[in-house]
Amino acid sequence: MESVGVYRFCGCTAKNKMKCDSRWEMTASETAPTSAYSSPARSLGDTGITPLSPSHIVNDADPNVSEQQTFLVVVAIDFGTTSSGYAYSFTKEPECIHVMRRWEGGDPGVSNQKTPTTILLTPERKFHSFGYAARDFYHDLDPNEAKQWLYLEKFKMKLHTTGDLTMDTDLTAANGKKVKALEIFAYALQYFKEQALKELSDQAGSEFENSDVRWVITVPAIWKQPAKQFMRQAAYQAGLASPENSEQLIIALEPEAASIYCRKLRLHQMTDLSSKAAVNGYSSSDTVGAGLARSKEHIRRNRQSRTFLVENVIGEIWSELEEGDKYVVVDSGGGTVDLTVHQIRLPEGHLKELYKATGGPYGSLGVDYEFEKLLCKIFGEDFIEQFKIKRPAAWVDLMIAFESRKRAAAPDRTNPLNITLPFSFIDYYKKFRGHSVEHALRKSNVDFVKWSSQGMLRMSPDAMNALFKPTIDSIIEHLRDLFQKPEVSTVKFLFLVGGFAEAPLLQQAVQAAFGDKCRVIIPQDVGLTILKGAVLFGLDPAVIKVRRSPLTYGVGVLNRYVEGKHPPEKLLVKDGTRWCTDVFDKFISADQSVALGELVKRSYTPAKPSQLVIVINIYSSELDDVSFITDPGVKKCGTLRLDLTGASSTNVPARREIQTLMQFGDTEIKATAIDIATSKSVKVGIDFLNY
């Protein structure tokens, strides 16, 4: 291990760091601790301590935060668990959002403005197809041949459920074979990149360059930081942007994107569940808005309804909001449900996040899992597991059949729902068990599912509704917990968005539980709300002015050792001075409000003036109350490595000052270290994948 320097804050116990007269110092390199009470400083034989003159902390906005690189077009990719798509807007025509071309294929009764998040690799592990094309090709393969192909669906959830996500995390294809997750995500993003650039080139009549595009990728707000970083790495591998030009790619949080779009809603673009009916027109007083809509109607027709007009005004819903009013966005998708609380800031209509994003794995996939559990109860878990492995394409067919019936579920439905069983399911079951599917249903005691002579499972409406219940109950319970928070009292609106928001059963449950507390609003084309909002976010990333930090960030520091306060095992004596090692000194706390572009500045000095490689280690924790970098749950998440080899040594003071800046308030956190004497600097994104 190279002996490089790392800086630590010393002598500070003041809670108000702005008034703190503390100092920075630098000691020998340290590694991320693996257990409590391991002292990196002591184990590595700390070198002499050389404090810098008193340092200060400045919380201010980065003056460059508004200086954005110019792009001709913004393309947003909504990378969903069950379905995905892209939309775009030209920066010179920001009021027009174009949703991608309609996809080939599709299912009866299912909108195909987005395509299934499914990918197919050849037996040689090369990319073959994505979406409907992948699913249909896989379906048409001979069953024995299909076993050689790698088919993946709903793989996005892996990033949410994997606790120790790394660049080497694997996904499992339908045939049981493993493939690198990064490779699959990169293939998918590359596919969308090629589709979007081809459509833009066709529209422009000339080749459209990737450098002309600002890309936006949506992720759930409740994803942990490693998952968000993983998505950026996959985008780099797919060629959307590069680490050297990272500003070309923005990571958008899904409920934030929805919130941005909901600001623009006109009355004819939403359903107000509180009024028990769709609102299908402008208010009589809205003559200006009606005139604008009429004058642009030909654009809608000419572009086959793929163009959505976003008038550059505040929508009628927004006009009812006053300074300080609050609303909740419930983003219910295929894999997760994200809850975000925003407050309106007038006159510009900027948004402030009031409470850190919460949620969980309560998406529509939960209904699919309940259906699978029901099949296991009827036919046996051993059979279902074998069938998925031996007849993977037929299993996909079965789940497609279930999906279309799932969408027909409604609170007032009275007639049964029929789900077609693939012939290979019926045939394989007879070989596996020695008796028929009909016999299994009779013996299962599941009386709300019957066998139809046409080869279908016939489910009563109550049986289908029961499959929704655990997932919807989890969403309602989570919302109830959220409404108990003081920040969420006096909420005016609840916007229900995302693909699962189309489910009448979920709509009814949310209205019944919260209709007396606030107005429940569902945008039209609710499945495209996030996509359209992500385009608006790409056009104006500064619209969210205040966010909540999801984690506590800080660095390892040395404080003066206080007898009785600090643990004896943390005592380090150097040159007659008693130090407490491994103290966690906070930059910012979890759930703390941070303004867009807010900077924290601090200064350091090397322990040895001759030292040319400067290393600053950054740590994070989900907890607010952190004392030491060796506490459970504290993770090393970033390293600033400033190499001053070859830098001019003239006019360098004996105590070299290294200034560090951490920028918060964005969807991602950036850090910079600057050598004041030479102006040499290094930038880094906080890294959660490589430690």
Side-chain angles (χ1 to χ4, degrees), residues 78 80-83 109-111 114 154 157 220-222 254-255 258-259 261-262 265 270-278 327-341 357-371 373-374 402-414 417 459 461-483 491 493-531:
D78 180 6
T81 303
T82 52
S83 61
V110 177
S111 165
K114 293 203 280 187
K154 299 166 187 168
M157 276 300 284
I222 57 165
E254 287 164 7
S259 179
Y261 179 71
C262 288
L265 281 178
M270 66 184 193
T271 302
D272 186 343
L273 292 187
S274 310
S275 67
K276 302 287 190 290
Y327 63 95
V328 176
V329 175
V330 181
D331 170 22
S332 47
T336 55
V337 166
D338 255 346
L339 311 178
T340 303
V341 186
T358 61
Y362 317 131
S364 61
L365 279 187
V367 185
D368 297 354
Y369 294 145
E370 289 300 315
F371 178 61
K373 278 164 61 178
L374 178 63
F402 174 70
E403 177 68 27
S404 65
R405 304 324 296 143
K406 181 173 83 174
R407 288 168 182 260
D412 53 356
R413 188 181 178 99
T414 55
L417 295 123
M459 293 184 71
D462 287 346
M464 179 62 85
N465 295 358
L467 300 182
F468 280 78
K469 193 174 187 306
T471 302
I472 289 177
D473 285 353
S474 295
I475 294 170
I476 299 299
E477 184 183 348
H478 209 92
L479 267 169
R480 282 210 173 98
D481 289 346
L482 183 67
F483 271 81
V491 161
F493 295 103
L494 184 154
F495 291 104
L496 192 56
V497 305
F500 195 27
E502 295 171 359
L505 290 165
L506 177 60
Q507 294 176 9
Q508 184 199 51
V510 172
Q511 173 61 23
F514 306 103
D516 60 338
K517 296 182 175 64
C518 57
R519 284 172 64 188
V520 180
I521 305 288
I522 303 176
Q524 266 184 10
D525 287 321
V526 65
L528 298 176
T529 303
I530 291 157
L531 192 49

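Here, residue 1 is the first one in the sequence, and each next residue gets the next number.
- The closest side-chain heavy-atom distance from Leu467 to Asn465 is not below 4.5 Å.
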Residue pair Val328, Val330: steps toward the side chain to side chain contact (heavy atoms under 4.5 Å, CB included) verdict: CA-CA 6 Å; Val328 176; Val330 181; 3.9 Å; yes

Chi angles and distances behind the side chain to side chain contact (heavy atoms under 4.5 Å, CB included) call for Leu494, Tyr327: CA-CA 6 Å; Leu494 184 154; Tyr327 63 95; over 6 Å; no

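- Pairs engaging residues 466-475 under the salt bridge (Lys or Arg N to Asp or Glu O under 4.0 Å) rule: Lys469-Asp473 [sequence neighbours left out].
- The side-chain contact (heavy atoms from CB on, under 4.5 Å) test applied to Ala501 returns Ser332, Leu496, Val526, not counting sequence neighbours.
- One distance of note links CD of Glu254 with OG1 of Thr529; it measures 12.0 Å at 0.5 Å rounding.
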Between Cys262 and Val329, is a side chain to side chain contact (heavy atoms under 4.5 Å, CB included) present by the stated rule, with each step listed? CA-CA 9 Å; Cys262 288; Val329 175; 5.5 Å; no

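- Between Val520 and Phe495 there is no side-chain heavy-atom pair separated by less than 4.5 Å.
- With sequence neighbours excluded, the residues that form a side-chain contact (heavy atoms from CB on, under 4.5 Å) with Pro470 are Glu370.
- Considering only residues two or more places apart in sequence or on other chains, Lys406 meets the side chain to side chain donor-acceptor pair (under 3.5 Å) condition with Asp368, Glu403.
- Judged as a side-chain contact (heavy atoms from CB on, under 4.5 Å), and not counting sequence neighbours, the contacts of Thr336 are Met157, His160, Pro220, Ile222.
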Verify side chain to side chain contact (heavy atoms under 4.5 Å, CB included) between Phe493 and Cys518, making sure each step is shown before the conclusion. CA-CA 5 Å; Phe493 295 103; Cys518 57; 5.8 Å; no

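- Between the side chains of Thr471 and Tyr369, no donor N or O sits under 3.5 Å from an acceptor N or O.
- Scanning both residues, Lys517 and Phe483, for their nearest heavy atoms gives CD-CD2, 3.8 Å.
- Not a single ring pair (Phe, Tyr, Trp, His ring centres under 6.0 Å) links Phe468 to another residue, sequence neighbours left out.
- Remark: Asp331 pairs with no residue by the side chain to side chain donor-acceptor pair (under 3.5 Å) rule, at least two apart or across chains.
- Between the CD1 atom in Ile472 and the OH atom in Tyr362 there is a gap of 14.5 Å [rounded to 0.5 Å].
- Contacts of Ala408 classified as side-chain contact (heavy atoms from CB on, under 4.5 Å), with partners at least two apart in sequence or in another chain: Arg405, Arg413, Leu417.
- Ser364 OG to Arg407 CZ: the interatomic distance, rounded to the nearest 0.5 Å, is 7.5 Å.
- Atoms CD1 and CG, from Ile530 and Asp338 in turn, are 8.0 Å apart once rounded to the nearest 0.5 Å.
- A donor-acceptor contact shorter than 3.5 Å links the side chain of Lys114 to the backbone of Gly527.
- Closest non-hydrogen pair, Leu505 versus Ala409, comes out as CD1-CB, 3.9 Å.
- Distance check: Phe500 CZ to Leu365 CG gives 10.0 Å after rounding to the nearest 0.5 Å.
- Interatomic distance, His478 NE2 to Ile476 CD1, rounded to the nearest 0.5 Å: 12.0 Å.
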